[in-house]
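Structure in structure tokens, see below.
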Amino acid sequence: MVNVDISSIYGAVPQETVAAMEPRLNAAYDTLFSGSGAGNDFLGWLHLPENYDKEEFARIQKAAKKIQSDSQALVVIGIGGSYLGARAVVDLIKSPNYNLKKKDTPDIYFAGNTLSTDAVLETLELIGDRDFSINIISKSGTTTEPAVSFRIFKAALEAKYGKEEAAKRIYATTDKARGALKGLADVEGYEEFVVPDDVGGRYSVLTAVGLLPIAVAGIDIEALMQGAADAMNAFSVKSMDNPVFQYVAARNALYEAGKSVEILGSYEPSFRFMTEWWKQLYGESEGKDLKGIFPASVEFTADLHSMGQFIQQGSRIMFETIVNFQKPHGEVVIGEDADNVDGLNFLAGKNLKFVCDQAMLGTRLAHVDGGVPNIVVNVETIDAYNTGALIYFFELACGISGYVLGVNPFNQPGVEAYKKNMFGLLGKPGYEELGAELKARL
Ligand code: PA5
């Protein structure tokens, strides 16, 4: 499933220093599981893999089948925690080229995560005259980007099918009682799915927020939940043998030793959006009170030819966490060439996976020698089960790590600042005074 190797950090922090973190980890673990810490009204994700709404889960599967049967495209509208998890899982398990592949499931377009005119026009163009449905996802139901985007795509849907038929093609994932989207969904009769009150956006991928788009892409969401459930049980051990404890201890020991940037990477290009999901999870959870590890990401080996220079020789502020998927889904063997003009016959007969592994091992040694400690997170293979386990691994580690750091890992007060300014500048009712003040400054 998932295990962790922290042996490549001991040049930067002594093994005893990492081991000595155990009592602090135990305390953070107890705070999390007893629900006695800051943000304790957002702990629903902790037991979600087993304690989820089974009736709603069956409705998600049914809705996914309907969308697969009546739509060639699904527009998933959401931002932040209402977007990144689904995109990450679809990219990782299906492919970043999912829409380009021959398949019997709909293309999926992610919208509402931008205010770019060109991006919206492009999505409309890509849908063209094909049959489509919309999944609008917003816990608050009031976030500007998805709300604006929903108006635009809803208008296109209604123009194509008429209001009544369009309503049968709109699926709203939102709060069970509050918000403008909930009100609209009730009035228009959209099928509704719930973002539980006690699950924050960045911890919501295993709710309807992530599960509906993931299921539409043809991914086995039962296996995803099973992986998360098995991880939940496997990682419930309060000890340094627990891979979650090892990861949390390592990253906090490195932070306290002056490493303030964590670079998450993998040698699988399909992992890219998982790093985006992880950046939100850790960035929003830990980056507050003037504290926190800055979460960054790379895609290897591609970025060894760009960011590799900085990582090897730039400011010594970072450590790496490499997610290593151990088993690929097939085999590519490098051939023999009679002329050997490229000089690569020394690799003839070798498996591409072997070559990649040597790149990974060589990079780890080089980066560690260059002062960049490495944490390795080993995952058996890329599939729904292991992805569910990896999601739970990172979520649990994030909750514990936030309490070790001494912050509330479940709020995000900092993201409100830009929203208020934007509302003021846009003239939203209630923000007139702020708007005038800001305009005077510009
Ligand atoms: O983690 C979070 O809470 C945020 O990233 C939200 O998910 C994001 O702002 C979208 O919010 P909402 O789902 O309310 O539209």
Side-chain angles (χ1 to χ4, degrees), residues 38-46 48 75-89 110-115 134-154 170-185 190 192-214 273-288 292 295 297 391-392 394-399 401-402 407-423 426 428:
N40 56 4
D41 41 353
F42 284 100
L43 296 178
W45 57 274
L46 260 184
L48 198 59
V75 183
V76 179
I77 301 177
I79 196 165
S82 291
Y83 149 63
L84 287 165
R87 174 139 194 204
V89 173
F110 291 95
N113 53 70
T114 174
L115 290 168
I134 295 174
N135 181 199
I136 165 75
I137 308 168
S138 177
K139 182 173 180 178
S140 64
T142 53
T143 309
T144 308
E145 290 91 334
V148 166
S149 192
F150 183 49
R151 266 214 186 183
I152 297 164
F153 287 97
K154 177 165 143 320
I170 296 175
Y171 302 82
T173 307
T174 189
D175 189 89
K176 70 174 187 309
R178 286 176 302 241
L181 177 58
K182 167 68 184 162
L184 186 63
Y190 306 149
E192 294 177 35
F193 297 98
V194 171
V195 193
D197 282 345
D198 57 358
V199 179
R202 59 188 175 275
Y203 291 85
S204 70
V205 54
L206 299 177
T207 70
V209 169
L211 294 177
L212 180 57
I214 291 169
F273 261 87
M274 282 294 289
T275 68
E276 298 303 321
W277 168 81
W278 172 88
K279 283 195 283 193
Q280 187 203 358
L281 183 61
Y282 281 74
E284 275 192 348
S285 298
E286 294 190 323
K288 55 196 68 160
S297 63
I391 286 170
Y392 193 83
F394 277 129
E395 287 183 348
L396 180 58
C398 189
S401 198
V407 297
N408 175 353
F410 306 112
N411 67 359
Q412 55 285 331
V415 300
E416 294 310 312
Y418 103 89
K419 287 188 193 169
K420 276 194 212 137
N421 284 358
M422 181 174 70
F423 292 155
L426 287 171
K428 184 170 175 168

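One-based numbering, in listed order, for ligands and for the atoms of each. Residues take their numbers from the sequence shown, with the count starting at 1. Predicted, not measured: the structure shown is a model, and the values here were computed from it.
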### Task
Ignoring hydrogens and angles, state whether a donor on the side chain of S82 or K139 is under 3.5 Å from an acceptor on the partner side chain.
no
### Query
Between Y203 and S285, is any side-chain donor less than 3.5 angstrom from a side-chain acceptor?
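Y203 vs S285: donor-acceptor pair found between side chains.
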### Query
Taking the inter-plane angle between the rings of F410 and W45 on a 0 to 90° scale, is it parallel (under 30°), tilted (30 to 60°) or perpendicular (over 60°)?
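F410 vs W45 ring planes: tilted.
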### Query
Hey, which residues fall under 4.0 Å of ligand 1 on heavy atoms?
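I79, G80, G81, S82, S138, K139, S140, T143, G201, R202, Q280, E284, Q412.
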### Task
For residues W277 and A88, report the shortest heavy-atom separation together with the two atoms involved.
CB-CB, 4.0 Å
### Message
For V199 versus V195, what's the shortest heavy-atom pair and its separation?
### Response
O-CG1, 4.1 Å
### Message
More than 12 heavy atoms of other residues, nucleotides or ligands under 6.0 Å from NZ of K419: yes or no?
### Response
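Yes, enclosed.
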